[in-house]
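A short write-up of the structure that comes next.
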Amino acid sequence: MKTTISNETQQDAQAIAKAIQKPGQTKEQTRLIAQGIEKGIAEYKKQHKAKSRQRDKARKLQLKAKSRPAKNSSDAHDNNEAFDADLESQTQFTTATWIAITLLLLSWAGFATYLFAV
């Protein structure tokens with residue numbers, strides 16, 4: 001499978017090759033350097049695309065896992081994990097709720113104290 005290199009990449013590689021050209025270097029040598037740079041850019045882009053695809057796949061799997069409700073499976077281990085996760089989230093919600101209620105009551109008590117003190 002032969003990969004085609006875009007004109008933009010070829011132009012970039014040619015500009016880089018000309019920028020690093022040494023005195024007395026032939027056009028053929030510059031062309032070979034430009035080809036090497038083109039291959040390097042193409043390989044970099046290929047690796048970048050592969051990493052991007054892997055990140056997208058991982059992100060999609062995370063989104064699926066988050067959006068998927070706890071399944072009622074026959075496997076006791078899976079059920080226990082789902083139950084533990086649900087229990088933990090309920091505990092966190094309850095703790096956060098109690099903190100909010102306590103702060104609200106304290107603020108009301110402070111306001112009432114302020115009104116009666118004046």
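All values below were derived from every heavy atom in this structure, side-chain atoms included, with hydrogens, water molecules and symmetry-related copies excluded. When a residue number appears, it is its place in the shown sequence, counting from 1.
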Inset, instruction - Would you please name every residue forming a side-chain contact (heavy atoms from CB on, under 4.5 Å) with Gln47, sequence neighbours left out? - result: Glu43
Inset, instruction - Output the distance between atom CD (Glu38) and atom CD1 (Ile16), rounded to the nearest 0.5 Å. - result: 10.0 Å
Can I get a per-line list of side-chain donor-acceptor pairs under 3.5 Å for residues 108-118, giving both atom names and the distance, sequence neighbours left out?
unit_1: Thr113; atom_1: OG1; unit_2: Ala109; atom_2: O; d: 2.7

Inset, instruction - To the nearest 0.5 Å, tell me how far Gln62 CD sits from Lys57 NZ. - result: 15.0 Å
Legend entry - Pairwise distance NZ(Lys39) to CD(Gln35) - rounded to 0.5 angstrom: 6.5 Å
Inset, instruction - State plainly whether one hydrophobic cluster holds both Ile20 and Leu32, where clusters connect Ile, Leu, Val, Met, Phe, Trp and Tyr through side-chain heavy atoms under 4.5 angstrom apart. - result: no
Legend entry - Test item: Arg55 and Arg59 side chains (from C-beta on) under 4.5 Å apart, heavy atoms: no
Legend entry - Heavy-atom pair of closest approach, residues Ala34 and Ala13: O-CB, 3.5 Å
Inset, instruction - State the CD1-CG distance between Ile101 and Leu104, to the nearest 0.5 angstrom. - result: 8.0 Å
Legend entry - Asp56/Ser52 under side-chain contact (heavy atoms from CB on, under 4.5 Å): CA gap, chis, key distance, verdict: CA-CA 6 Å; Asp56 286 344; Ser52 178; 4.1 Å; yes
Inset, instruction - Sort and list the pairs that fulfil side chain to side chain donor-acceptor pair (under 3.5 Å) and have at least one residue in residues 7-23, not counting sequence neighbours. - result: Ser6-Thr9, Thr9-Lys45, Gln21-Thr30
